[in-house]
*Asks:* 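Structure incoming, see below.
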Amino acid sequence: MIGARARLLAWLLALAALLGACTPAGRLDAVATGQPTAATFSAPSTPGAGATTPAPPASTTAPSPVPAPAPVPVPVPQPFALNLYREGDFVPQYTFDWCVAASIQMAHNLIDDTGGGTWSDRTQQNELWEMARARSSNSFNGANPFGWAQVLTEAGMGPYRVVSIADYRQALQTAARAIAVTGRPVGLVMWSGRHAWVMSGFESLGDPRQVPAVEVTGVRVLDPLYPYGSPQWGPSPAPNSLLTPEELATQFVVREPRRWSSDLPTGYLLVLPTAPA
């Protein structure tokens, strides 16, 4: 019995030693720790399927700003002048009533550059006065701006029309633009509707055909009452005088509504040339 047990024990020890020699070391490590071995999950040495290449770091440099376009300089209006007057165009009124007729004669002289003769005859002035008076209404037996405009048109200098403008500087702009566009003078209704002058030219900052809100700095005028003037309104300027807007404003004022009836609103009255239809 004792010998049999000793032999069995020796056999079991030999079997255990044999089994221990057949078990891989790595396997034993895994079993012992419960964790995967480094050899089992090692990363491939080169990128391949399933591998992720690290993204390059984001740039921290801001993009260069796009330079703004250089501002376009606004052109400064240049001095501009236009004058229709020539020596001999002025005609005086032969009576204190015929200012409209004398203004019609001067308008003809300013417009006509064909050498057809100057309108200055006293008899003709009387005829023009009668024509203007016949085409006027509610004018206390005189000639009003509507008769003035109609005779200018019928005599071949038109078309002309009467306008009323509430703002003084806008009235000057309108008159200057009409002269520049048509090449014809403008009638100015002076003394609150009692007298007639002719605007034969102007000076301005900029060409009124190109600058809508042109600044008129001077006005060329012909007063048929020269050299007499008026005790109430002041002296008559010499023919072809250049008046400042402030000087003109002492005699060129809004039309007095009681002077004659019309549908025009109160304002500065112009006998205005217009382009042919």
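Small disclaimer: the values here were computed from a predicted structure and weren't measured.
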*Asks:* Verify the distance criterion only: is there a donor paired with an acceptor across the side chains of Asp89 and Asn240 at less than 3.5 Å?
*Replies:* no
*Asks:* Should Leu82 and Leu270 be counted in the same cluster of Ile, Leu, Val, Met, Phe, Trp and Tyr side chains packed under 4.5 Å apart?
*Replies:*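 Yes; Leu270 is reachable from Leu82 via cluster members.
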*Asks:* Looking at Leu110, Ile111, Asp112, which one forms a side chain to side chain contact (heavy atoms under 4.5 Å, CB included) with Met157?
*Replies:* Ile111
*Asks:* Can you name the closest pair of heavy atoms from Asn144 and Ser137 and give their distance?
*Replies:* ND2-O, 2.9 Å
*Asks:* For Asp207, what residues pass the salt bridge (Lys or Arg N to Asp or Glu O under 4.0 Å) criterion, not counting sequence neighbours?
*Replies:* Arg209
*Asks:* Could you tell me which residues satisfy side-chain hydrogen bond (donor to acceptor under 3.5 Å, both in side chains) with Gln93, sequence neighbours excluded, listed by chain and number?
*Replies:* none
*Asks:* What are the two closest heavy atoms between Val189 and Pro145, and how far apart are they?
*Replies:*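 So the two residues come closest at CG2-CG, 3.7 Å.
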*Asks:* Is Val219 reachable from Leu272 through a run of hydrophobic residues whose side-chain heavy atoms are each under 4.5 Å from the next?
*Replies:* yes
*Asks:* Under the salt bridge (Lys or Arg N to Asp or Glu O under 4.0 Å) test, which residues partner Glu87, sequence neighbours left out?
*Replies:* none
*Asks:* Does any non-hydrogen side-chain atom of Gln251 lie less than 4.5 Å from one of His195?
*Replies:*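 A side-chain contact is absent here, since even the closest heavy-atom pair is not under 4.5 Å.
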*Asks:* So, using side-chain hydrogen bond (donor to acceptor under 3.5 Å, both in side chains) as the criterion, who are the partners of Gln124 when residues are at least two apart?
*Replies:* Gln105
*Asks:* Verify the cluster assignment for Leu222 and Val100: are they in a single hydrophobic cluster under the rule of side-chain heavy atoms below 4.5 Å apart?
*Replies:*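 No, because Leu222 and Val100 fall into different hydrophobic clusters, even though each may have its own neighbours under 4.5 Å.
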*Asks:* Tell me, please, which residues at least two apart from Glu203 pass side-chain hydrogen bond (donor to acceptor under 3.5 Å, both in side chains).
*Replies:* none
*Asks:* Could you check whether Asn109 and Trp119, counting side-chain N and O atoms only, form a donor-acceptor pair closer than 3.5 Å?
*Replies:*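 Note: Trp119 and Asn109 side chains miss the donor-acceptor criterion.
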*Asks:* If you define the side chain from C-beta out and look only at heavy atoms, does anything of Thr182 sit under 4.5 Å from Thr274?
*Replies:*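 Side-chain contact under 4.5 Å: no.
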*Asks:* Closest approach of Trp129 and Gly142, non-hydrogen atoms and distance?
*Replies:* CH2-CA, 3.8 Å
*Asks:* Linking I/L/V/M/F/W/Y whenever their side-chain heavy atoms sit closer than 4.5 Å, directly or via other members, would Leu225 and Leu243 fall into one cluster?
*Replies:* yes
*Asks:* Do Ile165 and Val221 belong to the same hydrophobic cluster, where Ile, Leu, Val, Met, Phe, Trp and Tyr are linked whenever their side-chain heavy atoms lie under 4.5 Å apart, directly or via other members?
*Replies:* yes
*Asks:* Who passes side-chain contact (heavy atoms from CB on, under 4.5 Å) against Pro92, sequence neighbours left out?
*Replies:* Phe90, Tyr94
*Asks:* Once salt bridge (Lys or Arg N to Asp or Glu O under 4.0 Å) is applied, do any residues pair with Glu130, and if so which ones, sequence neighbours excluded?
*Replies:*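 So Glu130 forms a salt bridge (Lys or Arg N to Asp or Glu O under 4.0 Å) with Arg133.
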*Asks:* The criterion is salt bridge (Lys or Arg N to Asp or Glu O under 4.0 Å); which residues satisfy it with Glu247, sequence neighbours excluded?
*Replies:* none
*Asks:* With side chains defined as the heavy atoms from C-beta onward, is the minimum distance between Arg220 and Phe202 less than 4.5 Å?
*Replies:* no
*Asks:* For Trp233, which residues count as a side-chain hydrogen bond (donor to acceptor under 3.5 Å, both in side chains) partner, sequence neighbours excluded?
*Replies:* none
*Asks:* Restricting to ring pair (Phe, Tyr, Trp, His ring centres under 6.0 Å), what partner residues turn up for Tyr268, sequence neighbours left out?
*Replies:*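 So Tyr268 forms a ring pair (Phe, Tyr, Trp, His ring centres under 6.0 Å) with Tyr168, Phe252.
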*Asks:* Do Arg255 and Leu264 have side chains that approach each other closer than 4.5 Å (heavy atoms only, starting at C-beta)?
*Replies:*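 Arg255 reaches Leu264 side chain to side chain.
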*Asks:* So, using side-chain contact (heavy atoms from CB on, under 4.5 Å) as the criterion, who are the partners of Thr250 when residues are at least two apart?
*Replies:* none
*Asks:* Ignoring hydrogens and angles, write down the donor-acceptor pairs under 3.5 Å from the side chains of residues 169-176, residues two or more places apart or on other chains.
*Replies:*
{"unit_1": "Arg169", "atom_1": "NH2", "unit_2": "Glu246", "atom_2": "OE2", "d": "3.2"}
{"unit_1": "Gln173", "atom_1": "NE2", "unit_2": "Val214", "atom_2": "O", "d": "3.0"}
{"unit_1": "Thr174", "atom_1": "OG1", "unit_2": "Gln170", "atom_2": "O", "d": "2.8"}

*Asks:* Does a side-chain heavy-atom distance below 4.5 Å link Trp98 with Pro224?
*Replies:* no
*Asks:* A side-chain contact here means heavy atoms from C-beta on lying under 4.5 Å apart; do Pro159 and Arg184 qualify?
*Replies:*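 Yes; the side chains approach each other to less than 4.5 Å.
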